[in-house]
Amino acid sequence: MAKSTSKKKPATRLGSDKEIFIKGAKTHNLKNIDVSIPKSKLVVVTGVSGSGKSSLTIDTLFAEGQRRYAESLNAYVRQFMQRMDKPDVDYIKGLSPAIAIEQKVITRTSRSTVGSMTEMNDFLRLLYARVGKTISPVSGKEVKKHDVGDVVKGIRELAAGSKVLLLVTFKTHANRNHEEELNILLQKGFSRVAVIDAKSKAATMYHIEDLLENPASVESILSTNKKQQAYVVIDRLVVKDFEEEDIHRISDSVDAAFFEGEGECYVQSDNGEMVLFSNKFELDGLTFEEPVPNLFSFNNPYGACPTCEGFGTVLGIDDDLVFPDKSLSVYEGAIAPWRGDKSRVWLNALIKASVKFDFPIHTPVNQLTKEQYKLLWKGNNYFDGIDAFFAEVASNQYKIQFRILLSRFRGRAICPECEGYKLRKEALCVKLYSRFNKKDKMQAFHIGEVNDLPIKDLSNWLEHLDLNEFEAEVAKRILTELDIRVKTMLDVGLGYLTLSRQANTLSGGESQRIQLTRSLGSNLTNSLYILDEPSIGLHSRDTEKLIGVLKNLRDLDNTVVVVEHDEMIMEHADYIIDMGPLASYLGGEVVAAGDYKTLIKNDKSLTGQYLSGKMSIEPPAKLRKWRKSITVKGAKQNNLKNIDVEFPLECLTVVTGVSGSGKTTLVKQILYPALMRLKGEGSEKVGLHSAIEGDIKAITQIEIVDQNPIGKSSRSNPVTYVKAYDAIRDLYSKQQLSKVRGYLPKHFSYNVDGGRCDACKGEGVQVVEMQFLADVHLTCEVCKGKRFKEEVLEITIGDKSIADILELSVDESLEFFKSIGKNGEPIVKAIKPLSDVGLGYVKLGQSSDTLSGGEAQRIKLASFLGKGKAAGHVLFIFDEPTTGLHFHDIKKLLQSFNALIDQGHSVLIIEHNIDVIKSADWVIDLGPEAGDGGGELVFAGTPADLKSNKMSLTATYLK
């Protein structure tokens, strides 16, 4: 059904309701191919990195879908869209509305959380604003605000024939006496006042005109005291079966009563009972904010805690520094600042007084209740707490020893105002009642507490919400949207995360699946979903769950196109398109198309050969023996359960385990920052652990090679990152025409004035701000995207200008610079590591913001490979380096790792890929499950020994 047509064109084909037909695709390296994609199927597009998978799916299929969508927009937007490049394709038939889920590096801001990334925060805010109950912290009663309808309803519910008075409190305003107030009331149209006996509730009526005729008696009649209270009579009613006209009249009277009573009015029936109605949101002398969605947003000034501005932390005393080992009890010295000879008097005071208020001084700090832990900080009548201790230290800062003491424990502390929930106190007064199951007691939760629940508990919380019939109807759609997203999060194995978890603490795999959840939660039908490697960062056990999600999406009558290398997903695909045969200009064709069985029988398919076993990634024949190591003792951060882990040096070590088992916490939050701090270079907060021991001095440098972009701007690209562009510019400045014109290396730079295009400042594109839409990037009309002035482009080597060089792929540039002889050798040496790590297809001048996380990571690896042994003994830490790699590219990557180790370095990898695990010298497996069920050291040893481990889920797939 899908084939390359680079040689001969088939007859024109229009496609059908059962397929999407792409004719003449020529984007990037695609070689004028025709491709058919069956609709309502799970379709995998595979092939080596750079073979044209993304060019076909994202840059052709999705780009055309977006272009067609843009045609439906207004004329203002379309005038810019007409200048946008169309995908280089003859036509596409049968195209459905397209949604693309690409590889994007997650935001680094601490304001972004799991809740905001999945949009669940938006729905929770709406839920609390619509059906949340504001509870007074003083009395625990619900704060209610009445409107006109509530008062009318209260009157109509009284017994028929009841005589009713609608009253407001008689008040004298500034600089007025009783007589002046009565005159004003008379002018407004009111005719009576009532004086009600405080004991009997009996009302005595007075005509305002009569009172004004006898001014001497006004003060005594209307004075307010313990025995009586004066009211203005707004209206008098007799309860009956009111007609519609009566209801309108009563409503007008109530409206006038709220105005005259400054938000309060009373309804008194003839039995003397008085009911207060208030349209002010007040109770117990406190004024509360009415619940609106923005009140529950810590990213909005209206809802954010004024003390911490919505961050949840402030600069203060860091409790992790005060309690470095929370497995110790107070008696054992858990409170670090009270361990000194002089400061121990504070600890002794607590120990002596603990009997008086039953405080458990022998219980580990991490087992204390919230109230007991809070007591340590705040103190009570019997002892002064930690806060009082540091207040005294602060008051003596003029002495250097006190300044040093204070600095030792200063850091990011939980905000005392919002207790880390990031929201105003008014927002935390709004609560919803729920239980986790039928046996549990009904509990009140504010939105901060709900955000701290693991997703698996949030599912139970939503299921057992206590709502009346009306509230359930109001919240019905909101709960449906929340349920869909929660279910998807559980389906992709993220039930252990909380909505409050910061995005910048997530692993690569977790962030990719959250992005997937956000897009799949909408449950659209008859759409085209294009997913760019959704299995990134997934353990094989979790990949099975992902396949179930993709199949459910397909079963909703959607076409699901997945760019993927994972063998398990290919096995479950309905249809596979294999691009190739190789990368860059050697790719761009459809090598094979069909189901899994068809693919493994195709000898021309590189993917098929790896799947069939004709080609494979062989584990090393002999494992490296290591003598040096570094050991993390007592790791307790997040879900790690006080484990000791030894990391060998001068070999390839892989840390694996199911997603959420604690790999990232162990390596990136404890090992890396702790080593950096010991080297005197670290500023990051170190996760909880007891000690770091071992051959630390043997390491001269620690490099973490993650999936963050290689540069902060679009000007950053591969050729500048590996320091090859300086040599290229120098070479162009030495050409004869350059010397004649006086061109220096700077004239061939797009970062400084001189040779770059003045219109786009060397960007090659101009940005048009689209107000409420995303900015549109348009090719510069002056330089046509080439970045340089026309006279600079006249300088050539061979037939290539500096702009042509930037458009070459890595492999093409290697051939070109080899062809120019000795002058090109330094450039070849600098660029070759990019090809060695499987990036031969990437363009030299490709903007960093178009590179995937995996590509950025491998560019960083290439820069280190180019440095050689001069870098000393470096500990390299890689976070899922196989992201986006085909089997063939993984083989190259492993060769690069071995090259680093041969240079005397150590390589530590967080990884799930079975081929990488098999090729390791040492495997550390965490688990056995995720979240609370993980955090234990399941196994540490060789891959061969791991296979026989019965506790390890990794062992199941390694076999």
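What you see is a predicted model; the values in this text were computed from it and never measured.
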Name of the residue among Val193, Val233, Val232 meeting side-chain contact (heavy atoms from CB on, under 4.5 Å) with Leu167
Val233
Note: Arg249-Glu245 ion pair, threshold 4.0 Å (strictly below):
no
Please name the residue in the list Phe357, Trp338, Trp346 that meets the ring-ring contact (aromatic ring centres under 6.0 Å, His included) test with Phe383.
Phe357
Does a donor on one side chain and an acceptor on the other come within less than 3.5 Å for Ser500 and Asp452?
yes
Taking Glu419 first and then Lys374, would you say they form a salt bridge - that is, a charged N and a carboxylate O separated by under 4.0 Å?
yes
Is a donor from one side chain sitting under 3.5 angstrom from an acceptor on the other, for Tyr373 and Asp319?
yes
Would you call Lys153-Asp150 a salt bridge at under 4.0 Å N-O?
no
Would you confirm whether Gln397, through its side chain, and Phe402, through its main-chain N or O, come within 3.5 Å as a donor-acceptor pair?
no
Tested for ring-ring contact (aromatic ring centres under 6.0 Å, His included) against His146, the lone hit among Phe281, Phe258, Phe277 is Phe277
Got a donor-acceptor contact below 3.5 angstrom from the Ser116 side chain to the Ser112 backbone?
no
Can Lys378 and Asp387 be counted as an ion pair, charged N to O under 4.0 angstrom?
yes
Does the side-chain contact (heavy atoms from CB on, under 4.5 Å) test come out yes or no for Lys133 and Lys431, once each step is laid out?
CA-CA 5 Å; Lys133 297 175 176 64; Lys431 301 189 177 183; 5.8 Å; no
Just to verify, which of Glu181, Glu260, Glu262 counts as forming a side-chain contact (heavy atoms from CB on, under 4.5 Å) with Lys171?
Glu262
Can you find a side-chain donor-acceptor pair between Tyr302 and Glu289 that sits under 3.5 Å?
yes
